[in-house]
There are 2 protein chains.
Amino acid sequence: MTDFGIDPTDQRILTILQKEGRLSNADLAERVNLSASACHRRVQHLERGGYITGYVALVNPRKVGRKTTVYVEITLNGQADETLDAFEKAVARVPDVLECHLMAGTADYLLKVVAEDAEDFARIHRRHLAKLPGVQTLQSSFSLKTVRQTTALPI
Amino acid sequence: MTDFGIDPTDQRILTILQKEGRLSNADLAERVNLSASACHRRVQHLERGGYITGYVALVNPRKVGRKTTVYVEITLNGQADETLDAFEKAVARVPDVLECHLMAGTADYLLKVVAEDAEDFARIHRRHLAKLPGVQTLQSSFSLKTVRQTTALPI
DNA sequence: AGTGAAAGTTGTTCCCT
DNA sequence: AGGGAACAACTTTCACT
């Protein structure tokens, strides 16, 4: 059922590296019962085949002063291709926007924004979001608490 | 303005490692104009101080068959502490739920769910989400396209 | 805080099965 | 596809500034 061009060993490798991205190849090899060279070859295959798109350090937002997560629903004034393109290009340049999705249904876009606090979000809203091209309405929803946050996909 | 107990060199280290989590300490040291040992000590300080919470490999969802992202707004039947606690414990055990936030406003929770396709989401909805304790209403919004997705905070 | 050197581990390649 | 060996590169610690 779960295939997609990778075997169970590759799946284990992905599952492990999704949680411990800096695990040494030697340790990884031991965990999946392979020699270091065989394991290394598989990891390279997963990287070159686009299964693994990169490795990142996860930074605690609170420790760098980003205590506030806000989801923003945006509707644009029109659905013309150029309207959407212009919006998408501009939104990708706002560093406070961690995610942006084009949505089905009423709202056109859903954004995940990280701000220092509510006041900082007001600044981001006024200075960046409201000025994105084609924006008609903005509706912001504040997160009171992050219950779960993971980058690990079920594999 | 940007401080929080770390100096500009630490900020650069975080910014770099947020994008290249597997960069060697030797290369990182060169980029921030430090010796390997000084750089290593700073990285350890950032890890032990909770600034860096971990390192992960990012996996391409499409390559492992997760083509569909859905946001789900959930309201519970009541706001009793036990109701929220039970819900939060249960939702954290559903691997298809990558994020869960307690929200201000009308909907109680916002979930980010990854599914293989719409049919698979129907299965997740029926078999997992609808059965979470205390759930009153579920409202699902499908992402048509991910415009931007990053784990890197602005620092 | 930073440096340089030393020692032990790793990543990576190559050859063989 | 996997294993083993070899070498270069790297991580990590320590003594010193």
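Remember, it's a predicted structure, so these values are computed and weren't measured experimentally. Note on naming: letters A, B, ... go to the chains in the order of the sequence lines (proteins, then strands), and numbering restarts at 1 for each one. Values below: all heavy atoms of this structure, side chains included; hydrogens, waters and symmetry mates excluded.
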Using the side-chain hydrogen bond (donor to acceptor under 3.5 Å, both in side chains) rule, collect all pairs that involve residues 124-135 of chain A, keeping only residues at least two apart or in two chains. none
For DNA chain D, determine which residues of residues 38-60 of chain A have any heavy atom closer than 4.0 angstrom to one of its atoms, and list them numerically. A/Ala38, A/Arg41, A/Arg42
Check the side chains of B/Glu99 and B/His101 for a donor-acceptor pair under 3.5 angstrom, ignoring hydrogens and angles. yes
Any residue in residues 25-32 of chain B with a heavy atom nearer than 4.0 angstrom to DNA chain D? Just list them by number, or reply none. B/Asn25, B/Ala26
Applying a 4.0 Å non-hydrogen cut-off, can you work out what A/Ser24 is touching in the nucleic acid: base, sugar-phosphate, or nothing? sugar-phosphate
Flag for B/Gln136-B/Asp108: side-chain donor and acceptor within less than 3.5 Å: no
Considering only heavy atoms of chain B and a distance under 4.0 Å, specify the first and last nucleotide of DNA chain D in 5' to 3' order that meet this criterion. D/dC10 to D/dT13
Using a strict 4.0 Å threshold on nitrogen-to-oxygen distance, state whether A/Arg148 and B/Glu88 make a salt bridge. no
Check step by step if side-chain hydrogen bond (donor to acceptor under 3.5 Å, both in side chains) holds for A/Gln139 and A/Tyr71. CA-CA 8 Å; A/Gln139 198 195 301; A/Tyr71 283 89; over 6 Å; no
Which whole-number value in Å describes the distance from A/Leu17 CG to C/dG11 P? 11 Å
Produce the list of close N/O pairs, under 3.5 Å, pairing protein atoms with atoms of nucleotides 7-9 of chain C; give distances to one decimal.
none

Are any of the side-chain nitrogens in A/Arg42 or A/Asp7 under 4.0 Å away from the carboxylate oxygens of its partner? yes
For a quick test of your reading: what N or O donor-acceptor pairs under 3.5 Å do the side chains of residues 20-40 of chain A make, sequence neighbours left out?
from    : atom 1 : to      : atom 2 : distance (Å)
A/Glu20 : OE1    : A/Arg31 : NH2    : 2.7
A/Glu20 : OE2    : A/Arg31 : NH2    : 2.7
A/Arg22 : NH1    : B/Gly21 : O      : 3.1
A/Arg22 : NH2    : B/Leu23 : O      : 2.7
A/Ser24 : OG     : A/Asp27 : N      : 3.1
A/Asn25 : OD1    : A/His40 : N      : 3.4
A/Asn25 : ND2    : A/Ala36 : O      : 3.0
A/Ser35 : OG     : A/Ser37 : OG     : 3.4
A/Ser35 : OG     : A/Ala38 : N      : 3.3

Determine whether any donor atom in the side chain of B/Ser37 lies under 3.5 Å from an acceptor atom in the base of C/dG2, or the reverse, and answer yes or no. no
Decide side-chain contact (heavy atoms from CB on, under 4.5 Å) for A/Tyr109 and A/Val91; before the verdict, give the C-alpha distance in whole Å, the side-chain angles of both, and the deciding distance to 0.1 Å. CA-CA 10 Å; A/Tyr109 288 95; A/Val91 80; over 6 Å; no
Please round to the nearest 0.5 Å and tell me the distance separating atom CD1 of A/Ile155 and atom CG of A/Leu14. 4.5 Å
Going by heavy atoms in the side chains, are B/Leu46 and B/Ile13 under 4.5 Å from each other? yes
Salt bridge between A/Arg66 and A/Asp117, side-chain N to carboxylate O under 4.0 Å? no
Considering non-hydrogen atoms only, spot the tightest contact between B/Pro61 and A/Leu153 and give its length. CA-CD1, 3.5 Å
Which whole-number value in Å describes the distance from B/Asn33 CG to C/dA1 C1'? 15 Å
Would you say B/Leu129 and B/Leu98 are hydrophobically clustered, going by side-chain heavy atoms of ILVMFWY under 4.5 Å? no
